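Each remark here refers to the structure printed beneath this line.
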Amino acid sequence: MSLRHYTDAFQQLAVQLPSEERTAREASLQRFTQAGFPTRKLEDWRYTDLSALTDQSYALPSPATPDLSHLHLEAATAQIFVNGGDGAFTDTGREGGAVVALNAAFARNGLDLDIGPGQSLAQPLHVLTWTGHRTSAMTHLRHRIRLGANARATVIFHHAGEGAYLTTQVTDIDLGPGAQLTLYRVQDESAGSTHLAQSDVRLARDSVLDAISIDLGDGLARHDLNVHLDAPGAQAGLYGLYAPSGRAHVDNHTRIHHRAPHCGSREFFRGVVAGSARAVFNGKVVVHEQAVKTDSETRVANLLLSKTAEVYAKPELEIYNDDVKCAHGATFGQIDEDAVYYLRARGLEADVARALLTQAFAQQVIDRITHAPLRALVTRRFLERLPQGAMLETLL
Amino acid sequence: MNMLEIRNLHARVEGKDILKGIDLTIRAGEVHAIMGPNGSGKSTLSNVLAGREDYEITEGRVTFEGKDLLALPPETRACEGVFLSFQYPVEIPGVSNMVFLKAAINARRKHQGLPEIEAVDFLAWVKDRVKKMHMDIKVLQRGVNEGFSGGEKKRNEILQMLLLEPRLMILDETDSGLDIDALKIVAEGINTMRSPERATLLVTHYQRLLDYVKPDFVHVLAGGRIVKSGGPELAQELEARGYGWLDAA
């Protein structure tokens, strides 16, 4: 195993850092090099192979000024991080696996949002990360969101880029009592990219999280979303659409920990898998002993658009008390050919009929997006990827 | 000119011969009824004409307004003016009736070289036809046939027919599952469409619908062939005597 390129890159970075930060980051780097990238021998990484990263050489990024106007979002305040941005290196990370350790060694500060008690964000925050470089580069960002009691915010993470690169994004979120966060994540990275992300959300009493995750990227993407329902009355809704095509690989791992009584969680993911793409969904709900009156449901449905598309979807439940209401289910299917015939018998071309049915399947998640400009952007990007999809845009 | 000519049509599905030599000519302005017992091939004939790809045509030909119908994919047949009212309309959750109807109408307009329909004109036109079918305007926002009762589905088929204004209307067991009120509404919809330029093929098991939509010709389909043809009085005879006497004849 050689992670030489990562340690070389770290040496370049370390000379720029004050000694205190350097020491903390050296510790993170050491944790990373000792663990190495997760291998498929680990149950949580069975279907996602990162072994190619070990010998990859990614340079530290340099500044760029790309034209990002096509990614502009109306009715939102933009915060843009090009090639990792120019944030400080003050955040020295925390416990976590190899990916978190790698991030902690290299990460610049990304979004740092602190909303005081009772305050609301005037309009959604559009956090755009964009990576693009002449040579393969890597960017690492660390984001934090803290909402005080009864505070409210909508944050849109939007990840895009060009060419070959590695990006890691680690996000820590704390919701105070009664706080409400709507969290969007749109992963639209390039075909040559590897996107590794982890988000941890802690919910206090009666706080509400709505997390809507849209994976449209063409590279390899993995997101670990860990939700901790730590106090009574907390509610989490996790929604997702993953639509890899070509040779894309997308892996969503969610963990919902019910640690207090009277909490609820809803999880609803849909996958549209085309070409030779592979999708992985693993949604685990852990109901701890003290979490009585837990109400939890996990549903994942998959539409396979080609014979070479693969999907591994598994909802899991671990329950340590018997006063709970928990349900889960997974489905896999193809486009209903009876419906295709019906639409064709009314004059729609076969490709248009299939695109319409595929779009209808995905729409059940897209409709969860209440921010209209974002919904339009996601719909457009989704349709662009379907044969004849662009034709549907005028219809919908 | 003959609108539809079926000559010696043989079709099979999953290796089983269903149609074994159908001959039928329909001229513009005519209403033909095809009656027959279950399993006689009625639905197969309807679907072969509409273009369902599960069927293999082993012999014979079908021309529609002079064109080789069997060479056309289902969507082209629809755009040329062939309409099948489905025996079992398909539920399509997530695709609203409104989007569906607009897509269907614009597909046909595109085929005819016409521009897309104006949104305002479309809405007014759809609303008028919805009212004609005694349907709730709210169905337009619902998914296509999603959660519809059997009767609602059949009415939705006729609504589509009123909007698409086909030249040849094939109605496959449109009367089945309808109560008497719904049957009258559906029949009225069909009669509205009767004109010297259009033809109708009613495929039915029972004579009931024929009380409201008077056919010019009645054919009996049995064992994949038309075994008897006649005027409207043949339908009454079938209602009175059943299909058994035809085997003996």
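Order of the sequence lines fixes the chain letters, A, B, ..., with proteins taken first and strands second; residue numbering starts at 1 for each chain. All of these numbers come straight from a predicted model, not from anything done at the bench.
Counting non-hydrogen atoms of neighbouring residues, nucleotides and ligands closer than 6.0 angstrom, the CZ atom of A:R152 reaches no more than 12 such neighbours. The number of heavy-atom neighbours closer than 6.0 Å to OH of A:Y312, taken from other residues, nucleotides and ligands shown, is above 12. For A:E74, the CD atom is loosely surrounded, since the number of other residues' heavy atoms within 6.0 Å does not exceed 12. No more than 12 heavy atoms of other residues, nucleotides or ligands lie within 6.0 Å of CD in B:E14, so this atom counts as exposed by the packing criterion.
The CG atom of B:L84 sits 6.5 Å away from atom CZ of A:R346, with the distance rounded to the nearest 0.5 Å. For the atom pair NZ (B:K110) and CD (A:E349), the distance works out to 5.0 Å, reported to the nearest 0.5 Å. Rounded to the nearest 0.5 Å, atoms CG (A:L343) and CD1 (B:I92) are 4.0 Å apart.
For B:P89, the parts lying near chain A are the backbone and the side chain together; criterion is any non-hydrogen pair under 4.5 Å. The part of A:D336 that comes within reach of chain B is its side chain, from C-beta onward, which places non-hydrogen atoms under 4.5 angstrom from that chain. Of the two parts of B:E53, only the side chain, counted from C-beta on, holds a non-hydrogen atom closer than 4.5 Å to a non-hydrogen atom of chain A.
Residues B:A78 and A:G347 share a closest heavy-atom pair of CB-N, 3.4 Å. Minimum heavy-atom separation, A:A360 to B:P93: CB-O, 3.8 Å.
Heavy-atom pairs under 4.5 Å with chain A peak, among B:M98, B:E157, B:R77, at B:E157. With chain A as partner, the option from B:P74, B:G51, B:G94 having the largest number of non-hydrogen pairs under 4.5 angstrom is B:P74.
Between B:F100 and A:Y342, the angle of the ring planes stays under 30°, which puts this pair in the parallel group of the 30/60° scheme.
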- [ ] Starting from the C-alpha separation in whole Å, work towards a yes-or-no answer on salt bridge (Lys or Arg N to Asp or Glu O under 4.0 Å) for B:R52 and A:E337.
- [x] CA-CA 10 Å; B:R52 191 173 189 113; A:E337 286 302 321; over 6 Å; no

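Side-chain contact, B:D54 with A:Y341: no donor N or O sits under 3.5 Å from an acceptor N or O.
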